[in-house]
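Notes follow once the structure below has been shown.
Residue numbering restarts at 1 for every chain, and letters A, B, ... go by the order of the sequence lines.
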2 protein chains.
Amino acid sequence: MPLSQIPNASGTCPICPSHGKGMCQKMRVEDLLQTVKADRAQRTYPAGESLYQQGTTSPNYFVVLEGWVALSATLEDGEKQILDFVLPGELLGMQPYDDASFGHTAETLTTTKVLVLPRDQFDEAMITDPRLMSQVMRMAACREARAFDQMQNIGRRSARNRIAHMFVGLFYQLKGHFPQEPGESIELNLTLNHIGDALGLTNVHVSRTLGELRKQGLLHLNQRRMTVLNPIALMQASGYAATGARPIVSPLRIVV
Amino acid sequence: MPLSQIPNASGTCPICPSHGKGMCQKMRVEDLLQTVKADRAQRTYPAGESLYQQGTTSPNYFVVLEGWVALSATLEDGEKQILDFVLPGELLGMQPYDDASFGHTAETLTTTKVLVLPRDQFDEAMITDPRLMSQVMRMAACREARAFDQMQNIGRRSARNRIAHMFVGLFYQLKGHFPQEPGESIELNLTLNHIGDALGLTNVHVSRTLGELRKQGLLHLNQRRMTVLNPIALMQASGYAATGARPIVSPLRIVV
DNA sequence: CGCCAGATTGATACTGCTCAATGAATGTGG
DNA sequence: CCACATTCATTGAGCAGTATCAATCTGGCG
């Protein structure tokens, strides 16, 4: 039996390429809690706090239920790199070794509601229920793929194209499709500093480049809302148009 | 029972931070084959071939037994980014969805011996044997961590420091410890182009920067052999000295 | 109203890239 | 074993893209 056909999650998600084949799935929080045999422990964080910090360990996994979380690392010289944005439905806290300390910090960008899952119980549940483990494994593979995508973006694209790529990726994650009509917009809970830290640029340069994109009529960013003006040109700049590749969306989302 | 204590792999590895706690393990190929119920199918590739290619699917997983493999992606404009170097003992071919196509190419840098594992059988084995799956999951988490490390390197360090970081990381993976004595050396099966593609630099700039590092007496690269001249200064430049973090080594290695 | 974080803009410096020429090493066929 | 081709590395000159520093502007909020 292929991993994908393990019957566990209920419902399919309309976004991912494997739509309808049972791979991209939604799991209900209560089903998860039952599998893990854990009580519902929800916690709400204001913007700007950390779920866990670089260099520490945590006895919990977290499921993001609402809000945006950024994974970031601070280097020896104080430079910060944002590694990934985590949107609702994803699981945080996986580690290569049980006692490993985190190599990055998970900080909230908005008010964020998370589900707290004791590590012991969750690990135990994965052993007794391979269906769960296989889904977590897929999620891990997905995160690697997203990290690879980011590496290409940072390493090999111009500032202009980096921004376009990131924005289109987030657009797709949030809306479930590529930008098509002029005027479509998403809410970006990000400052220019966040964008710069994610893309290996300074906030100053992000500002200039956004101005350019604006002037060229590709997109518009104002008050944390990004509006697409010219979807064709934006897709072109993002790099998604040429390859036909799609942004990577987690194969599993955990929902209330 | 913590995931780490699932008894499957035999032997511990002397490298990783969890040494001796049963987490970083070696698994023998014959044990793996027995678990997977697969025949021993080995294949040898000359340097410069691909195990699988970006945009395609593969019905196999691969275990690298000997040689170096690079994971790389080519962008719409032909620019190439090397995403990771895969050394012997690691498993390749995990995917977020069953029918997903690869977002990157796995190409051999040297003559490479790999073990070929049919995807169906391996997936099946992971379901029936959670011990195996848990180890693969850890490996996936490790790969994410390594990707994160690379992102920091590319996004936020100078060319000089990027090179130092990468070389120290590879040194650690190969030798099991940080450079300590002047004169210690490793074989890097890489051209300057490979190094540049991994670090988001041009081969020209890598050449210049290596010249500088040489002149400053940190290290020396010649005929694919990197010799450490000043371990202290090199560690400083690599960023490992300041944070105390260690290069990420896979928690599982599959050996003959 | 005043404060403050975030965004914008300008001037200047620097890092790393491009293009191009040359040199060194490696491989190939005769 | 040599002549040649090919790939890889080095070096120089000039340029492009991004950073830095600093000043100013804007909008939200106590």
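Residues passing the side chain to side chain donor-acceptor pair (under 3.5 Å) test with A/H104, sequence neighbours excluded: A/Y52.
When the side-chain nitrogen and oxygen atoms of A/Q223 are compared with OP1 and OP2 of D/dG28, one or more of them lie within a distance under 4.0 Å. Dashed line: the shortest gap from a side-chain N or O of B/T202 to OP1 or OP2 of C/dG16 is not under 4.0 Å.
Nucleotide D/dC8 holds its C1' atom 15 Å from the CG atom of B/L109, rounded to whole Å. Between the P atom of C/dG16 and the CD atom of B/E79 lies a distance of 16 Å, rounded to the nearest Å. With rounding to whole Å, B/L199 atom CG is found 13 Å from C/dG16 atom C1'. Atom CD1 in B/I195 sits about 10 Å away from atom P in D/dT10, given to the nearest Å. For B/L201 and D/dA9, the CG to C1' distance is 16 Å, given to the nearest whole Å. The distance from atom CG of B/N193 to atom P of D/dA9 is 7 Å, rounded to the nearest whole Å. If you take CZ of A/R157 and P of C/dC17, they are 17 Å apart, rounded to a whole angstrom. Atom pair A/D197:CG and C/dA7:P shows a separation of 12 Å (rounding to whole Å applied).
Put simply, the side chain of B/S250 reaches to within 4.5 Å of the side chain of B/M139, judged on heavy atoms. Within the 4.5 Å cutoff, no side-chain heavy atoms of B/R246 are placed close to those of B/Y240.
With respect to B/E107 and B/K80, a salt bridge is recorded, a charged nitrogen being found less than 4.0 Å from a carboxylate O. Between B/K175 and B/E181 there is no salt bridge, since no side-chain nitrogen of the basic residue lies less than 4.0 Å from a carboxylate oxygen of the acidic one. A salt bridge does not link A/D77 to B/R157: none of the charged side-chain nitrogens sits closer than 4.0 Å to a carboxylate oxygen.
In terms of position on DNA chain C, the residue among B/R162 and A/R224 whose nearest nucleotide sits closer to the 5' end is A/R224. Nearer to the 5' terminus of DNA chain C, by closest-nucleotide assignment, is the contact made by A/H194 (compared with the other of A/H194 and A/R156).
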Hey, can you pull the donor-acceptor pairs under 3.5 Å for the side chains in residues 220-229 of chain A, sequence neighbours left out?
residue: A/H220; atom: ND1; partner: A/R214; partner atom: NH1; Å: 3.3
residue: A/R225; atom: NH1; partner: A/S185; partner atom: OG; Å: 2.6

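A/G48 comes within contact range of no nucleotide atom at all, as no heavy-atom separation falls under 4.0 Å.
Looking at residues 203-214 of chain B, you'll see B/V204, B/S207, B/R208 sit with a heavy atom under 4.0 Å from some atom of DNA chain D.
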